[in-house]
Structures are given as structure tokens and as C-alpha cells.
Amino acid sequence: MKKKYSIIIGVFLSLICTLIVIIFGSTYTIKESLPNYVTRIDEIEILIENNAVEIADERLEDGILYLTLRSVHKGKSYVDIDCPQDMTFYHTVYVHSFGVITYDTFLGRSTGSRVIPIFITLYLALVLFSRISIYRNDIKENMYRYKNVKNIGLIIYLSSLVIGQALSVFSDGGILKIAKDILDSVSTFSFIALPIAFIVFVFVSISNIILMRKEGRNWRNMLGFFLGLIVCVCTVIPNLLNDNLQQTTLVDIHNEQGIAMYIQMLIEAVIFAGVTYLECILIGTVILGIKAAKRIPSFDKDYIMILGCQINSDGTLTPLLKGRTDRAIEFAKMQEKSGGKKVIFVPSGGKGDDEVIAEGKAIHNYLIENGIPEGRILTEDKSVSTFENLKYSMELIRKHTNAQEPKIAFSTTNYHVFRAGIFATEQGIKAEGIGSKTKQYFFINAFVREFIATLVSEKKSHIKVMAVMLFIMFSSVATVYLCNIR
């Protein structure tokens, strides 16, 4: 579903809700359980102040008074039900434009308002279904795009919204109840998010310590630690803010008629909603990273690139690079066994200042040692980065083949598959990745790195989502404020 259709459907459903409320909202029935000693309707007295409404019907059934009111003019009325023995039941109703009556609060429930949460749930479900369809189409076209991460994150986020809204679909509290449900859902998230965030922070910190001990100390190896710390701090800030405001006399956050309470409410809601969304994007990054690492390319490949990395001082392959090469050999055997098609190996990597030979040549030698004939090896030995691995390897392949679109795979370490695929997509190279196993602590920083890259690459989309969330939170707080001051 395109964006314009989503907006049109949203407007259409809003108009239907409005029309239903206007058509049926000019009357409202108050249900009140009366004392057992009240057995006849003439034993009670009904008083209406300000006369914004009038009695359309009244009846007593099984001890319950059904009092139907009809709107007379715009305004606010108090409805008192006086019973014998000095017992009185108090009710408040508001009459809005078009004669719509709301009960108890300014934007409380009205006749017909039950359709509002139903239509909201339906709309969110349609948006979710649309996003799933977009994701499925995009992933079939090309897995290696940051927008796929964004789509998974949005699917997770929308799913939580649909579930939360579906749970309250049978409640009828009007617009105020919907606004409070939204604010309650984001505020109660802190009770779930804080322990999860703390556990993730501890786990990521341990992983980063191991990574730094194995691979050296630099800021890149601490990305996971920084992200975990930010999540924890953002989750705790609203609680700390509330505790401080509760103790200070400079700002009164208890006055429902003042603005301070609602500013605090908005800050908390925005922070929790933002953290929730970002965590969904992070989960999407993990899901797609694992999916890319575990995926087996189709067995129709003409070439398989082996992306180089650091080699040993004697020119042999490090365990990391050996794993990539072994995985490429394994895939070639799987493909040959499946359909008989032999693949040409493209080892890639130039010579670093501290390396005795080019990485591509070292991989070439290892392939020869493992029985791969010279005629099935096409060596690239100039690249100094993953981006250049793919670029220069593709240039060799184009010179080597007459096919306009040769079938290509690439082999790298599992945590690196998605990033390498992104680089291939950026260069217009259609290739499927295959990943070799490595230490798990590499994955954490890889996920964090791709998470940050997703935010940067799809920043316009994320800003739009954040703007929509800000609008919803602001509207919800404004609804609560409006009802409290009226």
C-alpha cells in the first residue's frame, strides 16, 4: 500500500467514525445500578443542571436505571439521580457541535464511539499488512539494503501497536480513553525495557571487553558498550526526572490545571516511544544480519568471490580467512553436487604494508593446495577494502566472461555478509553472500555498526516516523489536558 493510499484510507476511516458518532451521538444512555429498595421509577427524582440535555427516555429494569438523554444545545450539564434515604448519584455530560453527547469527561465516550478503537485497530492492521508486503517484495528483489532493516523494525513496532490496540478494542471510553491507553502503553514500557536494557548492556559490555582483548582497544570495538549505555540512560531519564520533580517546589506537576504536569508527561512519552522504536530497529538489524549470514545462495553461480582480510606473516591464511575460503570451496562442492555446474573462484585482496604477498595470492595458493585447478581461479590482488574487493573482482569477472549478468556469490565471515552485500548493492553488483563461522563476539559490534548505518542511510524515513510519533504523543497529552481543564 503506497503512502498516499495509506493516508486516503486513514482519512476515509476517520470520516466514517465521525459520521457514526454524529449520527448516533445526539443521545446517550446512562446506566446506573440503584439500591435494592428502589422498585419503581417514580421513587427517584432526576435533576438536570444547565439543561444542555433533556430526558428522552427512562426505565427501570432489574434494579438498573436506563436514562436516555437527548442533546438540546452545546454546553455542559450535571445529571443528579436522587433516591430515597438521601442517596444521590452524580453524572456529568457534555454536548459538542452537531449535538454529540460525551459522558463524564469532555472527550469521553459517546453513543457510537465504540467504533473508534475498532477502526484504529483495523487501520493499524492494514498498515502492518502493507509493510509486510513491502518487505517481502523488497527482500526478494535484494536482501542487502538498509531499508529492509527499517522495514523489519517497523513491522515489529507496528505489531506491538496492533496487539496493544486490539486488547483495548472492546473498551469504550471515547477519545480520552484512547489517549490514556497510548500514554500508559509507552510509560509502562519502562518496567519492561529497563531490566532488558540493563541485561543487554551487561552482555554487550562483556562482549566488547572480549573483543578489545582479542582485537585491540579502539572506539569501534566499544560501539556496543556505548549503545547499551545510551539505551539504559534514556530508559532511566524519565524516572529520574519524575523523582526530582516530585521533590522540588519550583515546579508543580500535581496541578491538573497547570501545564507542568503535561510537559513532563509529553517528555516521558516521547522518550519511551523513541527508545522503543530504536530498539525495534536494532532487533531488525539482528534479524536481517543473522538471516543474511545463514542464507545459502541458489546453486546456479558462475563465480564466487572470496573477500580477503589479514594474512599471517609467512603468507598463509589466518583462521578467519581460511574459514572464508573453506566456505567458498564447500559451496562450490554443494553446487556441483546439486546440478553439476562448476564455479570459478575469485580470491580478492591486495598486499598490505605488513604482508609478504597479496591476500588474493595467498588465497589462490590455498585453493591450489586444496585441489582447485588453476583454470578455475581468477585472482584479484589490488584491493585494500571490502568495497574494492567487490569492485575490482567484478571488473575481472566482466573481462573474463561474455555474459551480461553472470551469476555471482561472495564468501566472507558470517557477521560481515550483510555489510559486504550492502557494498555490492551500492555498486550495482547482483551477488548473494555466504558466511563462514567465527567468534560470536564479533557479531555484537557488527550488529551495532549496521544499526547505526541503517539510521544514517534511512534517516529521512526515521525522522518521518519520529515526527508521526511526536504528533501522536502530543495529541494524546493535549487530549488529557483538554479534558482535565474543561
Side-chain angles (χ1 to χ4, degrees), residues 14 17-33 46-56 58 64-82 88-121 164-165 167-188 252-266 268-269 471-486:
S14 299
C17 284
T18 303
L19 286 174
I20 291 174
V21 171
I22 289 175
I23 291 171
F24 297 99
S26 60
T27 61
Y28 184 83
T29 300
I30 296 175
K31 299 177 184 179
E32 185 65 73
S33 296
I46 301 171
L47 303 175
I48 299 178
E49 253 184 74
N50 299 332
N51 296 317
V53 294
E54 63 182 8
I55 298 174
E58 53 182 331
I64 299 176
L65 173 65
Y66 294 87
L67 178 63
T68 301
L69 304 175
R70 182 190 301 115
S71 60
V72 176
H73 60 77
K74 187 175 180 180
K76 178 181 180 181
S77 282
Y78 300 98
V79 180
D80 300 340
I81 303 171
D82 292 336
T88 302
F89 298 93
Y90 302 97
H91 300 274
T92 305
V93 293
Y94 296 79
V95 178
H96 301 261
S97 301
F98 302 103
V100 175
I101 301 172
T102 57
Y103 175 71
D104 192 34
T105 57
F106 184 69
L107 293 174
R109 64 177 178 266
S110 63
T111 304
S113 64
R114 188 177 292 275
V115 301
I116 298 176
I118 295 174
F119 276 32
I120 290 176
T121 304
Q165 188 60 42
L167 293 175
S168 61
V169 74
F170 296 107
S171 64
D172 183 19
I175 297 175
L176 177 62
K177 179 65 166 57
I178 294 172
K180 285 185 174 180
D181 284 345
I182 292 172
L183 296 173
D184 288 343
S185 65
V186 295
S187 63
T188 53
D252 184 7
I253 63 169
H254 304 287
N255 181 11
E256 292 187 352
Q257 302 296 315
I259 196 68
M261 172 190 290
Y262 305 98
I263 293 176
Q264 180 205 1
M265 194 182 297
L266 179 61
E268 290 183 359
F471 174 76
I472 293 173
M473 295 302 110
F474 178 82
S475 300
S476 299
V477 172
T479 298
V480 176
Y481 171 72
L482 184 61
C483 289
N484 283 342
I485 65 172
R486 296 299 293 262

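Numbers here simply count residues along the sequence, with the first being 1.
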Contacts of Ser113 meeting side-chain hydrogen bond (donor to acceptor under 3.5 Å, both in side chains) (sequence neighbours excluded), chain-then-number -> Asp172
When rounded to the nearest 0.5 Å, the distance separating SG of Cys17 from CD1 of Ile22 is 11.0 Å
When rounded to the nearest 0.5 Å, the distance separating CG of Leu107 from OG1 of Thr479 is 6.0 Å
Shortest non-hydrogen pair, Ile20 vs Gly112, comes out as CG2-O, 4.0 Å
Closest non-hydrogen contact found for Pro117 with Thr121 is O-OG1, 2.8 Å
Any non-hydrogen side-chain atom of Phe89 less than 4.5 Å from a side-chain atom of Ile30?
no
Output for pair (Glu268 CD, Met473 CE), nearest 0.5 Å, gives 12.5 Å
Output side-chain donor-acceptor pairs under 3.5 Å for residues 92-99, partner residues at least two apart or in another chain, one line each.
| from | atom 1 | to | atom 2 | distance (Å) |
| --- | --- | --- | --- | --- |
| Tyr94 | OH | Arg486 | O | 3.2 |
| His96 | NE2 | Thr102 | OG1 | 2.9 |
| His96 | NE2 | Phe106 | O | 2.7 |

Report the C-alpha distance between Lys31 and Tyr66 in whole Å, list the side-chain angles of each, state the deciding distance to 0.1 Å, and finish with yes or no for side chain to side chain contact (heavy atoms under 4.5 Å, CB included).
CA-CA 5 Å; Lys31 299 177 184 179; Tyr66 294 87; 3.9 Å; yes
Rounded to the nearest 0.5 angstrom, the CD-OH distance for Glu49 and Tyr90 is 10.5 Å
In Thr27, Thr111, Val79, the residue satisfying side chain to side chain contact (heavy atoms under 4.5 Å, CB included) with Leu69 is Val79
Scanning both residues in full, the closest heavy-atom pair of Asn51 with Ile48 reads OD1-O, 3.4 Å
Shortest non-hydrogen pair, Leu176 vs Val480, comes out as CD1-CA, 4.0 Å
Taken to the nearest 0.5 Å, the spacing of Arg109 CZ from Ile101 CD1 works out to 13.0 Å
More than 12 non-hydrogen atoms from neighbouring residues, nucleotides or ligands closer than 6.0 Å to NZ on Lys76, yes or no? yes
Sorted by chain and residue number, the salt bridge (Lys or Arg N to Asp or Glu O under 4.0 Å) partners of Glu54 (sequence neighbours excluded) come out as Arg70
Heavy-atom closest pair (Ser476 atom, Ala179 atom, distance to 0.1 Å) is O-CB, 3.7 Å
Here the gap from His91 atom NE2 to Ile81 atom CD1, rounded to the nearest 0.5 Å, amounts to 4.0 Å
Heavy-atom closest pair (Val53 atom, Ser77 atom, distance to 0.1 Å) is N-OG, 3.7 Å
